[in-house]
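Note sheet for the following structure.
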Protein chains: 2
Amino acid sequence: MSEKITIYDIAKKLNITAATVSRALNNNPKIKESTRELVIKTAASMNYKQNKLALALKSGRSNNIGVIVPRIDSNFFASVIRGIEEELHPHGYQVIICQTHESAKRENENLYTLIDAQVDGIIMSVTDVTDENDGAFRYVLEKNVPLIFFDRSKHIDGVSSVTINDFKGGYLATKHLINEGCQTIAHFSGDQSFDIFKNRFLGYKQALLDSGMTFKEEYVIHTKSSVEAGKEAVDKLLQMKTPPDAIFSSSDFAALGAIQELKERNISIPKEFCVAGFSNEPFTKFMELSITSVDQSSLEMGKMSARVFLEQVDKTDTIKIEKKVVLAPELHIRKSSSRTNF
Amino acid sequence: MSEKITIYDIAKKLNITAATVSRALNNNPKIKESTRELVIKTAASMNYKQNKLALALKSGRSNNIGVIVPRIDSNFFASVIRGIEEELHPHGYQVIICQTHESAKRENENLYTLIDAQVDGIIMSVTDVTDENDGAFRYVLEKNVPLIFFDRSKHIDGVSSVTINDFKGGYLATKHLINEGCQTIAHFSGDQSFDIFKNRFLGYKQALLDSGMTFKEEYVIHTKSSVEAGKEAVDKLLQMKTPPDAIFSSSDFAALGAIQELKERNISIPKEFCVAGFSNEPFTKFMELSITSVDQSSLEMGKMSARVFLEQVDKTDTIKIEKKVVLAPELHIRKSSSRTNF
DNA sequence: GATAATTATGTAATCGATTACACGAAAGTA
DNA sequence: TACTTTCGTGTAATCGATTACATAATTATC
């Protein structure tokens, strides 16, 4: 095993002190050019590598940033993380991943662990809207560690966020269905305690009203984000006296379930029934019957979150700036809802 | 901003030394029970948190592990990372993510960065089989940092690996196509310089030979792992004098492209033509025409890699044990190839 | 050539925790 | 009572790098 070379080893070899070596390697101006060159050359020949842990302890900055997500094996979260990593890598930051599996307890635990590991910032998508973790969030803010929410956000003073305009996304999708001539549009809403789902719902509602259509509560079905939930919801809808002829689902997975169930019942899509989803999951465009969906620009969301972090990380002493970035959603129209284009 | 509480602060408050505080908090036996309790109580009341960086510097262990993958926004890699995180989290390790985007240069850079950040181990899927990075790999091994390859592996002494039996996967898929009555089976092979793709090909070949079928080079098409590549490959195959009536693709994406192109040409699947892929990407089972695919047990691969790391991390002084774990692949038979089951 | 100004280097503290060694106090033994 | 154990705590070095301050070496100025 190779010995660990420190600046002391270099100093000893050159009969100078570690301070001089440190200065030479850090481009400190108060150093003779010849010594600088000698030190740098010697350091290279001895295969010296700076110990980042020592530096981190001294400076109080670990050059690590923590990212907390419900789970990593979802295309959306993975893309966001990709964006974060790509934006932060050139700045010398490493990305530490934590998963919560939608458990407030684990979220809490992860927050404490990351702070204790001295991360320089935390970017996260919250798991639950309960206030259970307020202590942990306060702990983060007390330590003056930049905290940025993406997608699923909470209203906390001093916390920045990067989200998309979910209202507009819901509005666009619904308006599109109306334009395709759909008469009665149902909505699969997610957990309304999350802003993102609430806003998608509000956008849906507004689009109906703006087009002079009537909004009826019974066409709004609470579903989980799963294929199974989508199937069950369709089953429920089709039992109504006046079933709808379109669905705007706040989840692509539920939209897929809906489509599968509709096909099962030999209802022709998009002729008799139109479906639009949300998230633009990769599979939506792979399907033979590709699915219309609202894109969340996940990669960009990650990059933007990283940029907000970079803006804040060096200004810990100034007044904390709370930045709210809202990205524009983009509707991808595909076969599941387009009666004209395909 | 809350002051950072150190063991010195606790010591001062109690009129004892930091050494005693440290001993009390670490369950050192040489300490009076009453002082221990007092220290622990005081530490809690002052909201003391151990500085992990100081600990890391002292102990030489960062409790971080590095994971290097080509990209994170692919279901396979994300699942593996999920497995690694879940297995290592209970042991107090944090997972640092690095991406290479298939660039040997970035892989090299990531290896050095991780070692310089003093990670306790590295789990990775190699990007390229060139020897360009041998220096970096040697550097890792010299530092006695456990290195574990998963999926895409390289033959390096002292490096453990966790892979699936790609040969068997290729064999199973091909054998299945034969059992379905296919007469001429083509193969989409990936980059043959990777063992995983070579072995899938060899499994395919062996299955043909074992069934008394003739292997012909011209039915093997080199494709990238993309939908487009699959389409082009089908185009090529259908121009042959005797086109095949089945494809075993080493990539699910290429398999999807093949299916799209076949449908375009009104060739009925699976009646006239069967297709099987590899990886069991989520979309393969979502399709209306679901795709037969070989599952790579990605979650388990991640967990197993983490376990191998744990086995090795504490035995740096003993002889380095090189462990090679090979997981069993599992064929998921679906509509794209099953003439009987559906 | 003597003094002031500049430049390069050394000394030592610091970041926060752990731990070998030393030492005083209490308890045990004769 | 005198001497040996045992126990609990303090002292100080250590992990590796940075940096304010002090000092030595060099150059500039008259």
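Reminder, nothing fancy here: chain letters follow the sequence lines and each chain counts from 1. What's counted below: heavy atoms across the whole structure, side chains too, no hydrogens, waters or symmetry copies.
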- [ ] Taking the six-membered ring of B/Phe149 (Phe, Tyr or Trp), confirm whether the NZ or CZ of B/Lys324 is under 6.0 Å from its centre and within 45° of its axis.
- [x] no
Open item on the list: Using whole Å, what does the distance between atom P of nucleotide C/dA26 and atom NZ of B/Lys32 come to?
Closed with: 9 Å
Open item on the list: Between P on C/dT11 and CG on A/Asn15, what's the gap in Å once rounded to a whole number?
Closed with: 12 Å
Open item on the list: Counting the atoms with a prime plus P, OP1 and OP2 as sugar-phosphate, which does B/Asn28 contact under 4.0 Å by heavy atoms, base, sugar-phosphate, or nothing?
Closed with: nothing
Task: A/Thr100 versus A/Thr127, side-chain donor and acceptor atoms under 3.5 Å - done: yes
TODO: Report yes or no: is the cationic atom of A/Lys13 (NZ for Lys, CZ for Arg) closer than 6.0 Å to the six-membered ring centre of A/Tyr8, at no more than 45° off its axis?
DONE: no
Open item on the list: Would you say the ring centers of A/Phe309 and A/Phe150 fall short of 6.0 Å from each other?
Closed with: no
Open item on the list: Rounded to whole Å, how long is the line connecting atom NZ of A/Lys30 with atom P of D/dT19?
Closed with: 12 Å
Open item on the list: Let me spell it out: for each of B/Asn26 and A/Thr20, pick the nucleotide of DNA chain C with the closest heavy atom. Which residue's pick is nearer the 5' end?
Closed with: A/Thr20
Task: Any donor-acceptor N/O pair under 3.5 Å between D/dG10 base and B/Arg23 side chain - done: yes
Task: A/Arg82 and A/Glu86 ion-paired at < 4.0 Å - done: yes
Open item on the list: What's the angle between the local helix axes at either end of the helix from C/dG1-D/dC30 to C/dA30-D/dT1, using five pairs per end and rounding to 10 degrees?
Closed with: 50°
Open item on the list: In this structure, how many angstroms lie between the P atom of D/dT26 and the CD atom of A/Glu33, rounded?
Closed with: 18 Å
TODO: Could you tell me whether the side chain of B/Val313 reaches within less than 4.5 Å of the side chain of B/Tyr93, counting heavy atoms only?
DONE: yes
Can you name the atoms? Protein N/O to nucleotides 14-16 of chain C N/O, anything below 3.5 Å, with the distance.
residue, atom, partner, partner atom, Å
C/dT14, O2, A/Lys58, NZ, 3.3
C/dG16, N2, B/Ala54, O, 3.4

- [ ] Rounded to the nearest angstrom, tell me the gap between atom CG in B/Leu25 and atom C1' in D/dT9.
- [x] 15 Å
- [ ] May I ask you to verify if any side-chain N or O of A/Ser22 is less than 4.0 angstrom from the OP1 or OP2 atom of D/dT18?
- [x] yes
Task: Distance in Å, A/Thr20 OG1 paired with A/Asn28 CG, rounded so as to fall on 0.5 Å steps - done: 10.0 Å
- [ ] Return yes if some donor-acceptor pair links the side-chain N/O of A/Glu322 with the main-chain N/O of A/Gly158 below 3.5 Å, else return no.
- [x] yes
Task: Check: B/Thr113/A/Gln94 side-chain N/O donor and acceptor closer than 3.5 Å - done: no
